[in-house]
Amino acid sequence: MAAEAEVLDELHRLRARVPQLTGALAASVDGLVLAHDTPGVEPEGLAALTAAALGVAVRMTDAAGRGELRELLLRGDHGYVATYAAGSSAVLTLLAQDRVNVGRLHLEGRRAGGRIGELMDALPRPDDTATANAKAATRNPARSVAKAASATTTATAATATASPQTPAKATVRSTMPRRTPRTTAPHNTPRTTPNAPTATES
């Protein structure tokens, strides 16, 4: 990712500006490594511990009424561990020797954290596209419905063109009861011969 390469370049420049730095790491607030320049230190473990320490520090500043956390400074026998906010989704952790100028460390750490935060906040998030589509549908629902209907019509037409079917013949059935033909018995009508004498004639 191009942003990760730029973050790594910023870490290299930071170490060049502050020679007493022995390591620099940028990580997400969830403890995932974004970029690191930490020779001799495991970056994944440092990122996970940074996220854990960050969670405790945030709760502490909130409980003390100090507002949002800006930085966290730890000092050991062999130097400092300083963590700075880097935008809304990342943190910058610096490892420094004991003889570092703490004021210079804070100055450079805050500047680098701000630049790294700008780089990371500019990245599109996975849910940004879905959110943008939902906002567009909310602003103009009629257009969204029209687009969906147009897409459905296009898909139906494409399917019909790809596989034409022979229209089925319509069959109409009558609901009237079927009539039974009447059978008529033949009438035995006596046949009369013209000009034939009848029995009464003499």
Side-chain angles (χ1 to χ4, degrees), residues 1-140:
M1 187 184 297
E4 292 181 357
E6 293 182 14
V7 171
L8 184 58
D9 289 340
E10 181 61 34
L11 297 183
H12 291 327
R13 289 193 295 268
L14 178 59
R15 290 198 62 186
R17 291 194 301 270
V18 185
Q20 291 80 21
L21 286 181
T22 60
L25 175 138
S28 68
V29 293
D30 298 329
L32 300 177
V33 177
L34 302 175
H36 67 92
D37 183 9
T38 56
V41 178
E42 182 186 359
E44 287 79 10
L46 182 61
L49 290 173
T50 296
L54 187 66
V56 174
V58 167
R59 288 196 296 270
M60 185 179 292
T61 55
D62 184 58
R66 301 297 94 182
E68 293 184 2
L69 178 69
R70 297 298 181 187
E71 57 202 38
L72 176 65
L73 181 65
L74 304 174
R75 185 180 182 185
D77 291 337
H78 304 292
Y80 296 88
V81 179
T83 299
Y84 303 91
S88 61
S89 60
V91 292
L92 171 65
T93 296
L94 303 178
L95 309 178
Q97 299 174 358
D98 187 54
R99 58 189 179 88
V100 71
N101 185 317
V102 177
R104 177 72 182 279
L105 177 66
H106 284 325
L107 178 64
E108 297 292 347
R110 291 165 188 165
R111 287 177 178 174
R115 281 190 286 268
I116 292 172
E118 291 175 359
L119 292 172
M120 299 310 300
D121 290 344
L123 292 178
R125 297 180 183 177
D127 57 340
D128 284 349
T129 304
T131 304
N133 292 339
K135 288 183 178 179
T138 303
R139 285 195 300 268
N140 196 343

### Query
Is there a side-chain contact (heavy atoms from CB on, under 4.5 Å) between Thr83 and Leu74 once you walk through the steps?
CA-CA 9 Å; Thr83 299; Leu74 304 174; over 6 Å; no
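- Qualifying salt bridge (charged side-chain N to carboxylate O under 4.0 Å, His left out) partners for Glu71, counting only residues two or more places apart in sequence or in other chains: Arg110.
- Sorted by first and then second residue, the ring pair (Phe, Tyr, Trp, His ring centres under 6.0 Å) pairs involving residues 41-64 (not counting sequence neighbours) form an empty list.
- Among pairs with a residue in residues 20-63, none fulfils ring pair (Phe, Tyr, Trp, His ring centres under 6.0 Å), at least two apart in sequence or across chains.
- The shortest heavy-atom contact between Leu94 and Gly109 is CD1-CA, 3.9 Å.
- For the side chain to side chain contact (heavy atoms under 4.5 Å, CB included) test, residues two or more places apart in sequence or in another chain that qualify with Pro39 are Arg15, Asp37.
- Minimum heavy-atom separation, Gly113 to Leu92: N-CD2, 3.7 Å.
- Arg13 pairs by the side-chain hydrogen bond (donor to acceptor under 3.5 Å, both in side chains) definition with Glu10, not counting sequence neighbours.
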Exercise answer: donor-acceptor pairs, residues 45-61 side-chain atoms, under 3.5 Å, sequence neighbours excluded:
{"from": "Thr50", "atom 1": "OG1", "to": "Leu46", "atom 2": "O", "distance (Å)": "2.7"}
{"from": "Thr50", "atom 1": "OG1", "to": "Thr93", "atom 2": "OG1", "distance (Å)": "3.2"}
{"from": "Thr61", "atom 1": "OG1", "to": "Ala57", "atom 2": "O", "distance (Å)": "3.1"}
{"from": "Thr61", "atom 1": "OG1", "to": "Val58", "atom 2": "O", "distance (Å)": "2.9"}

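- Among pairs with a residue in residues 94-104, those fulfilling side chain to side chain donor-acceptor pair (under 3.5 Å) read Arg75-Asp98, Gln97-Arg99, Arg104-Glu108, at least two apart in sequence or across chains.
- Ala82 and Leu105 get closest at one heavy-atom pair: CB-CD2, 4.2 Å.
- For the atom pair CE of Met120 and CZ of Arg115, the computed distance is 16.0 Å after rounding to the nearest 0.5 Å.
- Residues meeting the ring-ring contact (aromatic ring centres under 6.0 Å, His included) test with His12, sequence neighbours left out: none.
- Pairing each heavy atom of Ala35 with each of Leu11, the nearest pair is O-CD1, 3.6 Å.
- Contact check for Leu25 versus Val41: no side-chain heavy atoms found under the 4.5 Å cut-off.
- Residues passing the side chain to side chain contact (heavy atoms under 4.5 Å, CB included) test with Glu42, sequence neighbours excluded: Glu44.
- The shortest non-hydrogen separation linking Ala86 to Ile116 is CB-CG2, 4.1 Å.
- The nearest pair of heavy atoms linking Ala90 to Leu34 is CB-CD1, 3.9 Å.
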### Query
When you look at Val81 and Leu95, which way does the side-chain contact (heavy atoms from CB on, under 4.5 Å) test go after all the steps?
CA-CA 5 Å; Val81 179; Leu95 309 178; 3.9 Å; yes
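- Applying the ring pair (Phe, Tyr, Trp, His ring centres under 6.0 Å) test to pairs two or more places apart or on separate chains, those with a residue in residues 61-85 are Tyr84-His106.
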